[in-house]
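Accompanying notes for the structure given below.
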2 protein chains.
Amino acid sequence: MRVDLFAALADPVRREVVELLADGPVTAGVIAERFPVTRPAVSRHLRVLREAGLVEAQVRGQQRVYTLRRAGLAPLEEWLERFRAPVLPADRLDALDTELRRGRRARDTEGERRGTA
Amino acid sequence: MRVDLFAALADPVRREVVELLADGPVTAGVIAERFPVTRPAVSRHLRVLREAGLVEAQVRGQQRVYTLRRAGLAPLEEWLERFRAPVLPADRLDALDTELRRGRRARDTEGERRGTA
DNA sequence: GCACTATGTAACCAGAGGCTTAATTAAAGG
DNA sequence: CCTTTAATTAAGCCTCTGGTTACATAGTGC
């Protein structure tokens with residue numbers, strides 16, 4: 001899995017391949033048919049998806065059947081998790097306040113005076 | 001929002017900026033300090049994040065305070081949603097079966113004969 | 001106005017990545 | 001065997017993108 005998950009999903013064609021595979025396993029040939037690019041191009045996209053852990057290929061005679069690996073999306077889910085839990089409004093405001101003071105302090109040592117005057 | 005969300009998150013620096021902002025608003029200068037790249041580089045990353053709807057900048061004197069827009073992540077959440085609900089095993093197998101027949105048909109018109117002979 | 005600070009834009013360069021055509025590997029079947 | 005089909009790999013081209021330095025813009029405070 002030497003390909004970054006986010007990078008793998010950055011390409012629209014690859015995202016569509018993932019969407020396509022959500023309906024069930026599909027052969028490389030059929031996948032290629034659905035896109036306006038050549039087979040080699042699709043082949044490389046499939047490789048990237050494989051190396052990102054998003055799909056799996058099983059050899060079936062001379063064709064490869066590609067299957068979606070839903071588990072491959074887990075890291076993305078986990079990454080998003082952090083942002084789903086919003087901090088309390090009061091905390092947010094505190095953080096903002098802190099930040100503003102900090103930024104002002106750098107160039108305005110007596111900023112407080114102006115603010116309270 | 002003329003920048004693709006997935007593309008915006010494909011860059012590791014930009015992802016780190018988003019993570020950083022999860023703790024609260026931060027000025028452009030402070031953001032720049034935390035990365036081993038030059039300020040102009042960070043400035044461009046911030047622009048991409050802005051155009052992807054992931055962050056917002058409010059002018060505060062001569063500095064810009066950047067804030068995370070959690071709502072900007074919604075499209076990603078929605079996209080992932082599709083893959084959270086797995087289809088029934090029986091359906092999956094049917095899909096595979098259908099697919100294999102289809103792939104074979106393309107090059108082997110009398111495949112049936114061979115199969116039934 | 002002038003100096004200084006914070007940020008962003010411009011111009012340019014180098015590497016990454018996606019597309020194509022051509023060549024290669026490998027299974028099926030006469 | 002030889003041909004056909006399925007798929008991948010190789011080689012080359014070209015664009016996109018991220019990085020840098022240099023410059024521009026715009027607040028702040030004397």
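Within every chain, numbering begins at 1; the chains are lettered A, B, ... in the order of the sequence lines, protein sequences first and strands thereafter.
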Could you write out each protein N or O paired with an N or O of nucleotides 7-11 of chain C at a distance under 3.5 Å?
| residue | atom | partner | partner atom | Å |
| --- | --- | --- | --- | --- |
| dT7(C) | OP1 | Gly29(B) | N | 3.4 |
| dT7(C) | OP2 | Gly29(B) | N | 2.7 |
| dG8(C) | OP1 | Tyr66(B) | OH | 2.4 |
| dG8(C) | OP2 | Ser43(B) | OG | 3.1 |
| dG8(C) | O5' | Ser43(B) | OG | 3.3 |

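Every residue meeting the side-chain hydrogen bond (donor to acceptor under 3.5 Å, both in side chains) condition with Glu77(B), not counting sequence neighbours, appears here in chain and number order: Arg84(A). Partners of Thr38(A) under the side-chain contact (heavy atoms from CB on, under 4.5 Å) rule, at least two apart in sequence or in another chain, are Pro40(A), Ala41(A). In this structure, Arg15(B) has no side-chain hydrogen bond (donor to acceptor under 3.5 Å, both in side chains) partners at least two apart in sequence or on a different chain. Not counting sequence neighbours, Asp11(B) has no partner by the salt bridge (Lys or Arg N to Asp or Glu O under 4.0 Å) test. Every residue two or more places apart in sequence or in another chain that forms a side-chain contact (heavy atoms from CB on, under 4.5 Å) with Ala57(A) is listed here: Arg50(A), Arg64(A), Tyr66(A). When the side-chain contact (heavy atoms from CB on, under 4.5 Å) test is applied to Arg69(B), the partners found at least two apart in sequence or on another chain are Glu56(B), Ala71(B).
Each of Ala41(A) and Gly61(A) was assigned the nucleotide of DNA chain C with the nearest heavy atom; the assignment lying further toward the 5' end belongs to Ala41(A).
With rounding to the nearest 0.5 angstrom, the NE2 atom of His45(B) is 10.5 Å from the CD atom of Glu16(B).
Near DNA chain D, defined here as any heavy-atom distance below 4.0 Å, the residues from residues 2-20 of chain B are Asp11(B), Arg14(B), listed numerically.
Within the structure, a side-chain polar atom (N or O) of His45(A) is placed less than 4.0 Å from OP1 or OP2 of dC19(C). Residue Thr38(B) places at least one side-chain N or O closer than 4.0 Å to OP1 or OP2 of dT20(D).
Counting only residues at least two apart or on different chains, the salt bridge (charged side-chain N to carboxylate O under 4.0 Å, His left out) pairs with a member in residues 37-47 of chain B are Arg47(B)-Glu51(B).
In this entry the distance linking CD of Glu33(A) with P of dT5(D) reads 14 Å, nearest Å.
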